[in-house]
There are 2 protein chains.
Amino acid sequence: MNIGDIAKATGISAKMIRYYEETGLIRPATRALSGYRVYSDNDLQTLRFVRRARDLGFTVKQIDDLLTLWRDRTRASASVKEIALGHVAALAKKMQELKEMSDTLLHLASHCHGDTRPDCPILTTLGSTEAVAALPRTRNRSKTRAFDRVR
Amino acid sequence: MNIGDIAKATGISAKMIRYYEETGLIRPATRALSGYRVYSDNDLQTLRFVRRARDLGFTVKQIDDLLTLWRDRTRASASVKEIALGHVAALAKKMQELKEMSDTLLHLASHCHGDTRPDCPILTTLGSTEAVAALPRTRNRSKTRAFDRVR
DNA sequence: GCTTGACCTTCCAACGATGGGAAGGCGCAG
DNA sequence: CTGCGCCTTCCCATCGTTGGAAGGTCAAGC
């Protein structure tokens, strides 16, 4: 199988498959005489694993860890469960953060007429000199980053 | 006020303040003879606005829009409300996605002993050749990107 | 006046995961 | 042989943010 076939079969773009290989997440594919990457059913299985883990929101680093555990037939299931539950906790935390943002916005919006009049408490609150109690205080600013934003 | 003072006062790093200036989110600061950026109370207020909007998870582009509306005293409050509620909807969608991931993981983890035995349904499910019904099928794969992952 | 250290400046690179595109090679059907 | 679709590598862009290097400025202490 060529990279395009694998891409279709897994739903991962050829670009990403090459990237995963380059960064060491997956083993370099064997090459045909032409230089084309050739994939086995085993590779297909691995990439499906990657795809599913990716869909569950794991980072590549975490997927790397999971793959290692997957390949290690002697590992304890506790190790796997630990990673999974750690991820669940991270997801919960993130949801909580999003919920706080949402609640604050809904609160502000509920006081906004939403008509043609210019005054709007959303903006005046954001712009006020005073610290606003209603605003979530993201203490760990350093950990809430660009890619955490919702677009 | 120098950039360091403003950074402390707003909680935005000096680096980011320069970046915001470079990308046009905020007006270029006036300069002292030394070349140092000098900030007014007005700038402070603007940056506080940025900081709060950022804490609410708005992207820089959205903050730009909000700033424009903020500065425009004749704008309709409906425009602001629309942006805010649009963001609320995006937050809800993201939370839903995270919840699906979390539910799936919890389901898988509940069937894992979590002891020293090696067999673990989390891994076998991820690695199985069969498509797994329990796994969320992220149809809009193209829209779930790297920065959407939770770390 | 000179040194020291804390600040400031610009520039360049990296992160993570992904997409886009160029320039060129390969495979197969007509 | 030509054409088309696939493959290859390489570089660039995204988004928000941090880090560092190399150098200029300022204020305090000696």
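Just so you know, these numbers use all the heavy atoms, side chains as well, and skip hydrogens, waters and symmetry mates. Below, chains carry the letters A, B, ... as their sequence lines are ordered, and counting in each starts from 1. Bear in mind that the values here come from a model prediction, so they are computed numbers and not experimental data.
Here B/Arg37 reaches the OP1 or OP2 of C/dT10: one of its side-chain N or O atoms lies under 4.0 Å away. For A/Arg31 and D/dC7, the shortest distance from a side-chain N or O to OP1 or OP2 is not below 4.0 Å. One finds no side-chain N or O of B/Thr59 lying less than 4.0 angstrom from the OP1 or OP2 phosphate oxygen of D/dC15. For A/Arg18, no side-chain nitrogen or oxygen approaches OP1 or OP2 of C/dG19 to under 4.0 Å. Dashed line: the shortest gap from a side-chain N or O of B/Ser34 to OP1 or OP2 of D/dC26 is under 4.0 Å.
The separation between B/Met16 atom CE and C/dT10 atom P is 15 Å, rounded to whole Å. Look at NZ on B/Lys15: it is 10 Å from C1' on D/dA21, rounded to the nearest Å. Atom P of nucleotide D/dT18 and atom CD1 of B/Ile12 are separated by 10 Å, given to the nearest angstrom. Between the CZ atom of B/Arg51 and the C1' atom of D/dG16 there is a distance of 14 Å, rounded to whole Å. Distance B/Ile17 CD1 to C/dT9 P: 10 Å, rounded to the nearest Å. Counting to the nearest Å, the P atom of C/dA17 and the CG atom of A/Asp55 are 14 Å from each other. Rounding to whole angstrom units, CG of residue A/Asp64 and P of C/dA17 are separated by 11 Å. Distance, B/Arg54 CZ to D/dT18 C1': 12 Å, rounded to whole Å.
When the shell of 6.0 Å around CZ of B/Arg71 is examined, it contains more than 12 heavy atoms from other residues, nucleotides or ligands.
Applying the 3.5 Å distance criterion, the base of C/dC7 shares a donor-acceptor pair with the side chain of B/Tyr36.
Put simply, A/Met1 and A/Ile12 are part of the same group of oily side chains (I, L, V, M, F, W, Y) that touch within less than 4.5 Å, one to the next.
Picking from D/dC7, D/dG16, C/dA17 the nucleotide with the shortest atom distance to the side chain of A/Asn2 gives D/dC7.
Nearer the 5' end of DNA chain C, as judged by each residue's closest nucleotide, is the contact made by A/Ser13, out of A/Ser13 and A/Leu33.
Note on A/Tyr20: only backbone sugar-phosphate atoms sit closer than 4.0 angstrom, heavy atoms only; bases stay farther off.
Between the side chains of B/Asp43 and B/Ser40, at least one donor-acceptor pair of N or O atoms lies under 3.5 Å.
In this structure, the side chain of A/Asn2 does not engage the main chain of A/Gly4 through any donor-acceptor pair within 3.5 Å.
Between B/Ile63 and the options B/Trp70, B/Phe58, B/Tyr20, a side chain to side chain contact (heavy atoms under 4.5 Å, CB included) holds for only B/Phe58.
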